[in-house]
Number of protein chains: 2
Amino acid sequence: MGSSKTHIFSIQQNELAQAAKVLAHPARIAILEYISKQEGCICNDLVDEIGLAQPTISQHLNEIKKIGLLKGTYEGKNLCYCIDQERWLELQQAFNNFFSNINLNCC
Amino acid sequence: MGSSKTHIFSIQQNELAQAAKVLAHPARIAILEYISKQEGCICNDLVDEIGLAQPTISQHLNEIKKIGLLKGTYEGKNLCYCIDQERWLELQQAFNNFFSNINLNCC
DNA sequence: ATTTAATATTGCAATATTACGATAATAATA
DNA sequence: TATTATTATCGTAATATTGCAATATTAAAT
């Protein structure tokens, strides 16, 4: 017990749930929104902006990276990253499909 | 430590994250998809369909109910419920806004 | 080669989630 | 009222998430 029984669900169901999980924390929503507000890539100021400790921000960024939503060079000084457009649109479509394919003719 | 610092984020950020959290489990995706496939309301057969124990299904349904995505009468024999259209469209719009308002002109 | 600034990793504690067996509550029906 | 079928709640164990201090790594700049 304790762990999700992912194997009894389809790949699509697991993938959508996985993507939703990344959005399921306000810090990660805030991070994505902040990056998007910038003109170009984002460097440095995320910790001051969000208000969580640096290791915590780093972990959240890692969660976002793991589903491919961030691109950039991740090593060294002046790390700069931004949202991966292709992956972003892919997830947007996945959520949109999910919401659109639901049948609402009931009750 | 351990609990999310929700107070440092906006209401909108917390609400979207909360909605995403409900979608962040394949069982709940499966439940929503299954209900939507039915002609009308869904009664009874969810446990057999999903493949999790009845208390577990009940808990997942409760999570979905808590953000207002299900309506129906929840007591007694032949409990019938279905997706709340108004709330569904509200969340669809919230996700759509989030994905659309992101600025992708970078890198 | 050292220093420095930025990011990542580790270790740990607190909290949350997931799952299910056992049991309780509910409401229709006999 | 007693039975029955259905759904909810309780209790508990396993696992996952969140957050941060301490530390390590990285790479540019001195």
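Note that the coordinates shown come from a computational prediction; the quantities given were computed from them, not determined experimentally. Per chain, numbering begins at 1; letters A, B, ... match sequence-line order.
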Revision key, fill the gap. When Ala53(A) and Asn62(B) are each assigned the nearest nucleotide of DNA chain D, the 5'-most assignment goes to Asn62(B)
Check your understanding: Are any of Lys5(A)'s side-chain N or O atoms less than 4.0 Å away from OP1 or OP2 of dC20(C)?
Key -> yes
Review point. dC20(C), dA8(C), dG11(C): which one has an atom nearest the side-chain heavy atoms of Pro55(B)?
Key: dC20(C)
Check your understanding: Should His60(A) be listed as having a side-chain N or O under 4.0 Å from OP1 or OP2 of dG19(D)?
Key -> yes
Revision key, fill the gap. Side-chain contact check for Gln59(B): nearest option of dA8(D), dA19(C), dG11(C) is dA19(C)
Practice item. Could you say whether Glu63(B) or Thr56(A) is positioned toward the 5' end of DNA chain C, judged by the nucleotide with the nearest heavy atom to each? Key: Thr56(A)
Review point. Expressed in angstrom and rounded to an integer, what is the separation of Ile8(A) atom CD1 from dT18(C) atom C1'?
Key: 12 Å
Practice item. Give a yes or no on whether the backbone of Lys21(A) and the side-chain of Arg28(A) come within a donor-acceptor separation of less than 3.5 Å. Key: yes
Point to revise | Rounded distance in Å - OH (Tyr81(A)) to P (dA6(C)) | key: 12 Å
Point to revise | Nucleotide dT18(C), atom C1' - distance to CD1 of Ile50(B) in whole Å | key: 15 Å
Revision key, fill the gap. Residues Ser4(B) and His25(A): closest non-hydrogen pair is OG-NE2, 3.2 Å
Review point. Donor-acceptor pair under 3.5 Å: do we get one between Gln54(A)'s side chain and the base of dA6(C)?
Key: no
Point to revise | Spacing of Asp48(A) atom CG relative to dA5(C) atom C1', expressed in whole Å | key: 13 Å
Practice item. Find out whether Ile8(B) and Leu52(A) are in side-chain contact, i.e. whether some heavy atom of one side chain is under 4.5 Å from a heavy atom of the other. Key: yes
Exercise for review: Using whole Å, report how far NE2 of His25(A) lies from C1' of dA16(C).
Suggested key: 11 Å
Review point. NA contact type, Ile57(A), heavy-atom cut-off 4.0 Å: base, sugar-phosphate, or nothing?
Key: nothing
Check your understanding: Is the distance from OP1 or OP2 of dT7(D) to the nearest side-chain N or O of Ser58(B) less than 4.0 Å?
Key -> no
Review point. dA19(C) C1' sits how many Å from Phe9(A) CZ, rounded?
Key: 11 Å
Exercise for review: For Ser3(A) and for Ala24(A), locate the closest nucleotide of DNA chain D by heavy-atom distance; then report the residue assigned to the nucleotide nearer the 5' terminus.
Suggested key: Ser3(A)
Point to revise | For atom CG of Leu23(B) and atom C1' of dT18(C), their distance in whole Å | key: 17 Å
Exercise for review: Show the numbers, then the answer: is there a side-chain contact (heavy atoms from CB on, under 4.5 Å) between Ile50(A) and His60(A)?
Suggested key: CA-CA 11 Å; Ile50(A) 305 291; His60(A) 281 305; over 6 Å; no
Check your understanding: Between Lys5(B) and Pro26(A), is any pair of side-chain heavy atoms under 4.5 Å apart?
Key -> no
Review point. What is the distance, rounded to the nearest whole Å, between atom CG of Leu52(A) and atom P of dT7(C)?
Key: 16 Å
Check your understanding: Pick the nucleotide of DNA chain C nearest each of Thr6(A) and Ser4(B); which residue has the one closer to the 5' end?
Key -> Ser4(B)
Review point. OP1 or OP2 of dA16(C) sitting under 4.0 Å from any side-chain N/O of Lys21(B)?
Key: no
